[in-house]
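Comments concern the structure below.
Values below: every heavy atom of this structure, side chains too, minus hydrogens, waters and symmetry copies.
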Amino acid sequence: MSENKKIYREFPIENIVHRTASRPFSLYRTVVGKGESCALYPHCHPEAEIFYLEQGAVEFQVENRSFSLQAGEGIFIPPSQIHTAVNKTDETLSCCHRAVVFDTSMLEQNLPPYCQVYFAPLKLWRIDCVYPITLNNAENSRLLALMPSIFSLQKPALEQYELSLIGTLFLCWQELYNICFSKRNRSISDSSLRMEIQKILDFLQENFSDSITLSSLSKRAGFSESYFSHSFKNCTGYSPFEYLNRLRIVKSCEMLLRTDKKITEIASLCGFNNISYFNRTFYKIMGISPSGYRGSLGNPFPT
């Protein structure tokens, strides 16, 4: 692996560490000014997030999925999913939202090995693990009751609320598993297949800038091309090249954020040999041009 590839693979997607006093979580409160259109700039991070709308209305987008949220509702965003929000609040009011951003290993490491089933779908970057926590769904009643309690825990001293926060996140995770994650697990019940696909995902993380073909990936997995394509989409929710393009765009976002390299160079470093194709793919996934994304980072919102 070249030194450049190693450096860029290790960049965080956000220039923000979501930790408090070295803990693997952070709590945020953001007030969006009256009439401002952007409630949350396009970004992603390796931590999971629970977003809660305290006041106003937003159109929340996670990659190619959109969700209309009103005050008192929220959404769970899995790790490494690109998300943004547009302010739909009446111009006479401010929009206010809160978020807890946390490393899922904080929960995993406190559980025995047999409990890994509760986290399996998220390790595959499944878009269908995004879960809107809305008022019109009776299944969400417990989650809706738990979310305000998360954000009422902030006190001057971390030790006064840390265990309560972690405990509440465990309760939220159980609800999310019951309502959403367990259904995703049933679609990938073959653990050996899931492990093979996970190896391919690890390979793509390491080699995203290389020239990669469906044939080479299927041979690496030991499957026929048709079986590999079907299995990959069943496990991740993406076709192999939808996944690869998405990964490359996430990596390009890291470089746009952390370097002053020209966009053509970034496209090449991320495996795009055609700048027009890179621009089209970036806009399709991010909803903004590469130059527009780089410009939007001059005044980012907290999360």
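At a threshold of 4.5 Å between non-hydrogen side-chain atoms, the residues F282 and C253 count as touching. Residues I77 and I50 form no side-chain contact, since every pair of their non-hydrogen atoms from C-beta on lies 4.5 Å or further apart. Contact of the I266 side chain with the K262 side chain is not registered, since no non-hydrogen atoms from C-beta on lie closer than 4.5 Å. Residues V58 and V32 fail the side-chain proximity criterion, which asks for heavy atoms closer than 4.5 Å. Looking only at side-chain heavy atoms (C-beta outward), L201 and L247 stay at 4.5 Å or farther from each other. Considering only heavy atoms from C-beta on, C270 comes within 4.5 Å of S252 through its side chain. With contacts defined as side-chain heavy-atom distances shorter than 4.5 Å, the pair L144/I133 qualifies. Contact of the V100 side chain with the Y28 side chain is not registered, since no non-hydrogen atoms from C-beta on lie closer than 4.5 Å.
Remark: the backbone N or O of E108 is not paired with any side-chain donor or acceptor of S105 at under 3.5 angstrom. Of the possible donor and acceptor atoms, none in the side chain of N140 sits under 3.5 Å from a partner among the backbone N and O of L135. Distance alone, capped at 3.5 Å, places no donor-acceptor pair between the E175 side chain and the R142 backbone. Formation of a donor-acceptor pair under 3.5 Å by the Q205 side chain with backbone atoms of D202 is not found in this model. One N or O on the side chain of N110 and one on the backbone of M106 form a donor-acceptor pair closer than 3.5 Å. No side-chain donor-acceptor contact under 3.5 Å links N234 to the backbone of H230. With hydrogens and angles disregarded, a donor-acceptor distance shorter than 3.5 Å links the side chain of S149 to the backbone of L146. Checked by atom type and distance alone, the side chain of E73 pairs as donor or acceptor with a backbone atom of Q70 at under 3.5 Å. Looking only at distances, a side-chain donor or acceptor of R248 sits under 3.5 Å from a matching main-chain atom of F208. Looking only at distances, no side-chain donor or acceptor of S231 sits under 3.5 Å from a matching main-chain atom of F228.
Listed by first and then second residue, the side chain to side chain donor-acceptor pair (under 3.5 Å) pairs involving residues 271-282 are N245-Y277 (not counting sequence neighbours).
The pair E265-K261 counts as a salt bridge, with a side-chain nitrogen and a carboxylate oxygen less than 4.0 angstrom apart. In summary, K199 and E196 engage in a salt bridge, as defined by a charged side-chain N under 4.0 Å from a carboxylate O. K34 and E91 are not joined by a salt bridge, as no carboxylate oxygen comes within less than 4.0 angstrom of a charged side-chain nitrogen. Salt bridge K88/E59: absent, no basic N to carboxylate O contact under 4.0 Å.
Two rings, from F25 and F102, have their centers 6.0 Å or more apart. Aromatic pair H97/F51: ring centres closer than 6.0 Å. Between Y243 and F232, the ring center distance clears the sub-6.0 Å criterion. Taking the six-membered ring wherever Trp is involved, the centroid distance between the rings of F67 and F60 does not fall below 6.0 Å.
L53 approaches L69 most closely through the heavy-atom pair CD2-O, 3.5 Å. Contact between R29 and V31 at its shortest, heavy atoms only, is NH1-CG2, 3.5 Å. Heavy atoms only, all atoms of each residue included: A57 and N87 are closest at O-OD1, 3.4 Å. When all heavy atoms are compared, the tightest approach of C172 to I150 is SG-CD1, 3.9 Å. The minimum heavy-atom distance between L214 and P240, with the atom names listed, is CD1-CG, 4.1 Å. Between P46 and S80, the shortest heavy-atom distance links the atoms CA-OG, 4.0 Å.
Separation of atoms CZ (F76) and SG (C180) is listed at 8.0 Å; rounding is to 0.5 Å. Here the CG-CG distance, from L176 to L143, works out to 5.0 Å after rounding to the nearest 0.5 Å. The CZ atom of R246 lies 4.5 Å from the CD atom of Q81; values are rounded to the nearest 0.5 Å. Rounded to the nearest 0.5 angstrom, L27 CG and R98 CZ are separated by 8.5 Å. The structure places CG of L244 at 11.5 Å from CD1 of I200, a figure rounded to the nearest 0.5 Å.
For E225, there are no salt bridge (Lys or Arg N to Asp or Glu O under 4.0 Å) partners two or more places apart in sequence or in a different chain. Taking the salt bridge (Lys or Arg N to Asp or Glu O under 4.0 Å) definition, one finds that R65 meets it with nothing, sequence neighbours left out.
Counted by atom type alone, S216 and T213 present one or more donor-acceptor pairs between their side chains at under 3.5 Å.
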>> Please determine whether side-chain contact (heavy atoms from CB on, under 4.5 Å) holds for the pair L204 and L217, giving the CA-CA distance in whole Å, both sets of side-chain angles, and the decisive distance to 0.1 Å.
In response: CA-CA 9 Å; L204 292 176; L217 290 178; 3.9 Å; yes
> After noting the C-alpha distance and the side-chain angles of E47 and T104, does the key distance pass the side-chain contact (heavy atoms from CB on, under 4.5 Å) rule?
Replying inline: CA-CA 7 Å; E47 300 91 358; T104 58; over 6 Å; no
> So I249 and F272, side-chain contact (heavy atoms from CB on, under 4.5 Å) or not? Walk me through it.
Replying inline: CA-CA 10 Å; I249 293 302; F272 290 95; 3.9 Å; yes
>> Could you go through Q61 and T84, starting from their C-alpha distance and side-chain angles, then the distance that decides it, and tell me whether this counts as side-chain hydrogen bond (donor to acceptor under 3.5 Å, both in side chains)?
In response: CA-CA 5 Å; Q61 185 161 341; T84 185; over 6 Å; no
>> Let's go through L256 and S291 carefully: what are the C-alpha distance in whole Å and the side-chain angles of both, what is the deciding distance for side-chain contact (heavy atoms from CB on, under 4.5 Å) to 0.1 Å, and is it a yes or a no?
In response: CA-CA 8 Å; L256 288 166; S291 58; over 6 Å; no
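Taking the six-membered ring where tryptophan is involved, the planes of H43 and H45 are tilted, since the angle between them lies from 30° to 60°.
Follow the hydrophobic side-chain contacts under 4.5 Å out from V86 and you never reach V130; the two are in separate clusters. Residues I179 and L107 fall within the same hydrophobic cluster, defined by Ile, Leu, Val, Met, Phe, Trp and Tyr side chains chained together at heavy-atom separations under 4.5 Å. Under a hydrophobic-cluster definition in which Ile, Leu, Val, Met, Phe, Trp and Tyr are linked whenever side-chain heavy atoms come within less than 4.5 Å, directly or via other members, Y161 and F170 are assigned to the same cluster. Clustering ILVMFWY residues whenever any of their side-chain heavy atoms sit less than 4.5 angstrom apart, transitively, puts V117 in the very cluster that holds L169. Hydrophobic clustering of Ile, Leu, Val, Met, Phe, Trp and Tyr side chains at less than 4.5 Å, counting indirect connections, unites Y238 with Y227.
Counting non-hydrogen atoms of other residues, nucleotides and ligands closer than 6.0 Å to OH of Y283 gives a total of 12 or fewer.
A ring-ring contact (aromatic ring centres under 6.0 Å, His included) with F181 is found for one member of Y118, Y131, W173 and no other, namely W173.
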